[in-house]
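Just so it is clear, the values below take in all heavy atoms, side chains as well, and ignore hydrogens, waters and symmetry mates.
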Amino acid sequence: QVQMVESGGGSVQAGGSLRLSCAASLHTYSGNCMGWFRQAPGKEREGVAFIYTGSGSTYYADSVKGRFTLSEDNAKNTIFLQMNSLKPEDTAVYYCAGTDPGDVLNDILSKDEYRHWGRGTQVTVS
């Protein structure tokens with residue numbers, strides 16, 4: 001059974017930084033797509049940042065470009081989301097998500113493309 005275990009998050013003032021981590025217990029880590037969605041109260045879950053594991057190619061939503069950075073540790077099947085210059089509108093529950101290796105994505109930002117999900121971690125920016 002695939003597990004996505006998130007850590008990090010918390011509360012920070014505007015302009016501050018936080019780092020999220022997501023460890024995946026995927027049978028084969030390399031060759032899938034992992035990333036982060038977020039959901040604020042009363043809003044749809046939206047895609048934030050994604051990485052193709054192995055190649056390291058990344059994709060960011062316009063709202064976070066230049067502020068958020070994804071990286072990976074292949075040896076630990078873990079991705080990291082460094083969030084800088086945080087704004088109050090970044091406040092949300094952040095969910096780690098992943099595909100299976102080899103899955104072909106039609107829309108990287110669509111939550112329907114991702115098979116595996118973490119439980120979420122709260123990020124609050126005041």
Practice task
Indicate yes or no: at least one non-hydrogen side-chain atom of Trp36 is less than 4.5 angstrom from one of Ile79.
Solution key: yes

Practice task
Using a 4.5 Å cut-off on heavy atoms from C-beta on, say whether the side chain of Thr124 contacts that of Val12.
Solution key: no

Problem - Pi-cation contact, Phe80 with Arg19 (under 6.0 Å, within 45°) - result: yes

Just by modelled atom types, is the [Y] backbone N or O under 3.5 Å from a matching donor or acceptor in the [X] side chain?
| X | Y | answer |
| --- | --- | --- |
| Arg67 | Ser85 | yes |
| Thr78 | Lys76 | yes |
| Glu6 | Arg119 | yes |

Handout entry: Ser17 side chain to Asn84 side chain, donor-acceptor N/O pair below 3.5 angstrom
Key = yes

Problem - Pair Thr91-Glu89, side-chain donor/acceptor within less than 3.5 Å - result: no

Measuring from [X]:[atom1] to [Y]:[atom2], what's the distance to the nearest 0.5 Å?
| X | Y | atom1 | atom2 | value |
| --- | --- | --- | --- | --- |
| Tyr94 | Gln39 | OH | CD | 12.0 Å |
| Thr53 | Leu70 | OG1 | CG | 11.5 Å |
| Ile108 | Cys33 | CD1 | SG | 4.0 Å |
| Lys43 | Arg38 | NZ | CZ | 8.5 Å |

Problem - Trp117 ring center within less than 6.0 Å of Phe37 ring center - result: yes

Problem - Between Tyr60 and Phe50, ring centroids under 6.0 Å - result: no

Completion exercise
From the list Asp100, Leu105, Asn32, side chain to side chain contact (heavy atoms under 4.5 Å, CB included) partner of Tyr114 resolves to Leu105

Handout entry: Asp62 with Lys65: basic N within carboxylate O range, under 4.0 Å
Key = yes

Handout entry: Derivation and outcome, side-chain contact (heavy atoms from CB on, under 4.5 Å), residues Phe68 and Leu86
Key = CA-CA 9 Å; Phe68 290 11; Leu86 283 162; 3.8 Å; yes

